[in-house]
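Just follow the structure's listing: the first ligand is 1, and inside any ligand the first atom is 1.
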Amino acid sequence: MPSDTHAHSGTRSPASDVLVVGGGIIGLVTAWRAAQRGLTAAVLDPAPGGGAAQVAAGMLAAVTELHHGEQTLLGLNLVSAGRYPAFVAELTDLTGRDLGYRRCGTLAVALDADDRAQLRELHALQRRSGLESEWLSGRDCRRLEPMLAPGVRGGLRVDGDHQIDPRRLTAALVTACERAGVVFHRDRAERLTVARDRATGVVTRAGAELAAGQVVLAAGSLSGRLAGVPDAVRPPVRPVKGQVLRLTVPRSYAPFLSRTVRAVVRGGSVYLVPRENGELVVGATSEEQGWDTTVTAGGVYELLRDAHELIPGVTELPLTETRAGLRPGSPDNAPLLGPTDLPGLLLATGHYRNGVLLTPVTGDALAHALVTGELPGEARPFTPRRFTAAALTEQPA
Ligand code: GLY
C-alpha cells in the first residue's frame, strides 16, 4: 500500500535503510530499485514525480547527442539505452501503464553548408565510435519525412535513438515505488545530519528528523544546495535552463513526423519529438541563467523560428504548452553516481542532458552501491570522487 508520511515539526520518523532526497525521475528509480533489493526506502520531496522530467522531451539520444570528449559518457548512455526495452517492459507489467516508449529512430538534418559540415563531423565521430548512423542526401531525408523543408541539405539516419514520454515514465515510477513499499515524505530537505563523520539522515523544512542508514542526494540541479553537506563532498552541479514547447498534431494531419527530427540551426540545437498520441515536443534552449525558469518570448520565438525552418508546417499546429526546466549540469557533463567520501552519503545527480536516458542504469548502479558499497563496473567512471581535491590534482597538466 502507498505510504504517505506527513512530517511535523520536531517529529522523528522510524529510520529507513535508505533516504532519497529528491523525488524526480532519478530519485524515484533509485528508491524503487533499492526497495526491490530488500532495503527499506523513503523519498523526501514536496511533490514526488516533479522535476526536470516534467519538461524533458524524452529523447533517448545516445548517438545523435554524442559530443567530442564524451566517449566515456557514451559508454554509459549505450548501456542504459540497451536496458530500456526490459526496463519499460518491467514497469509496464507492474503498473499496467503505457509509457510512450517509441522505437522510432531519429533523423538529424542540416539546413545550410555550415550545419552540413558540423553534421559530417558528428558522423565521422559516430563512425570512429563504432555507432550505427547513415548519411542521407536531402532528397532521401525528405523521402523519409515529407514535412521537412525543401532546403534540407542532408542528414543522419540513426535508427537506434528512440524516445519515451518522461511524464508517463515518472508517473509509473511513483506507482512502482508505492507498490514496493517506498515511504513518501512530502516536505523539503533543510539540512543533512552528520554524526561521527557519517551522514545519518535529513532534517526537513517542517522540522522532522528523518534518520537513515544511507542518504542518496538525487535532487537534480538543487543537489548542491543542501545545508550540512561538507564542502569536500558537495556535488558541483549547476542549473542549465531549457525551454520546451508542446504542440498538438490534429488527427487529420497525421502522420506529421514519423520519428524524432533534429538539427543544429545557427549553432543552436532544435528537436521535434512526435508522440503517438499527437503531442509534438519542440526543444530546447540551453541557458546558463541560474535558477530562472521563466518562459521568455525570446526563447519561444527562437524555438519556433528554428522549428519552422526545419518543418514549415509546424506553425499551423496548436501551441498547447510552454515550460522551462533546469538540467543538472556537471563540470564534465556526466552524472555523479554512488558513494562519496562521507560515509552514508551517496549521489545520483548531474545527469545534465541525459537524465531520462540514464534512468535505468542509474537505478541499477545506485541499488548495487547501496547494497554492496561499490559501483558496478559500467558506473565506476562516474564516481563523485573524480571531483575531489586529490583526484583533481592528480590530473595531467
Ligand atoms: N537531451 C536534450 C536536452 O537536454 O535538451
Q: Which label fits Phe87 and Tyr84: parallel for a plane angle under 30°, tilted from 30 to 60°, or perpendicular past 60°?
A: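 If you compare the ring of Phe87 with that of Tyr84, the planes turn out perpendicular.
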Q: In sequence, state the C-alpha distance, the side-chain angles, and the governing distance for Gln163 and Arg103, and then conclude on side-chain hydrogen bond (donor to acceptor under 3.5 Å, both in side chains).
A: CA-CA 7 Å; Gln163 60 152 301; Arg103 297 167 70 99; over 6 Å; no
Q: Any chance you could measure Leu91, atom CG, to Thr359, atom OG1, to the nearest 0.5 Å?
A: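 These two atoms lie 10.0 Å from each other.
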Q: Between Gln243 and Glu287, do the side chains contain an N or O donor and an N or O acceptor separated by less than 3.5 Å?
A: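 Yes.
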Q: Using a strict 4.0 Å cut-off to heavy atoms of Met59, name the atoms of ligand 1 that fall inside it.
A: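 That gives atoms 2 (C) of ligand 1.
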Q: For Tyr271 and ligand 1, answer yes if some heavy atom of the residue is under 4.0 Å from a ligand atom, otherwise no.
A: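 Within the 4.0 Å threshold, so yes.
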Q: Would you mind running through ligand 1 and noting each atom that sits below 4.0 Å from a heavy atom of Ala284?
A: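 In order of numbering, the contacting atoms are 5 (O).
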Q: What protein heavy atom sits nearest atom 1 (N) of ligand 1, and how far away is it?
A: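 Ranked first by proximity to atom 1 (N) of ligand 1 is Arg353 O, 2.9 Å.
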Q: For atom 4 (O) of ligand 1, grab the closest protein heavy atom and report residue, atom and distance to one decimal in Å.
A: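 Residue, atom and distance for the closest contact: Arg327 NE, 2.7 Å.
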Q: May I ask you to check if Arg157 and Trp135 form a cation-pi contact, with NZ or CZ under 6.0 angstrom from the six-membered ring centre and within 45° of the axis?
A: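 So Arg157 doesn't make the cation-pi contact.
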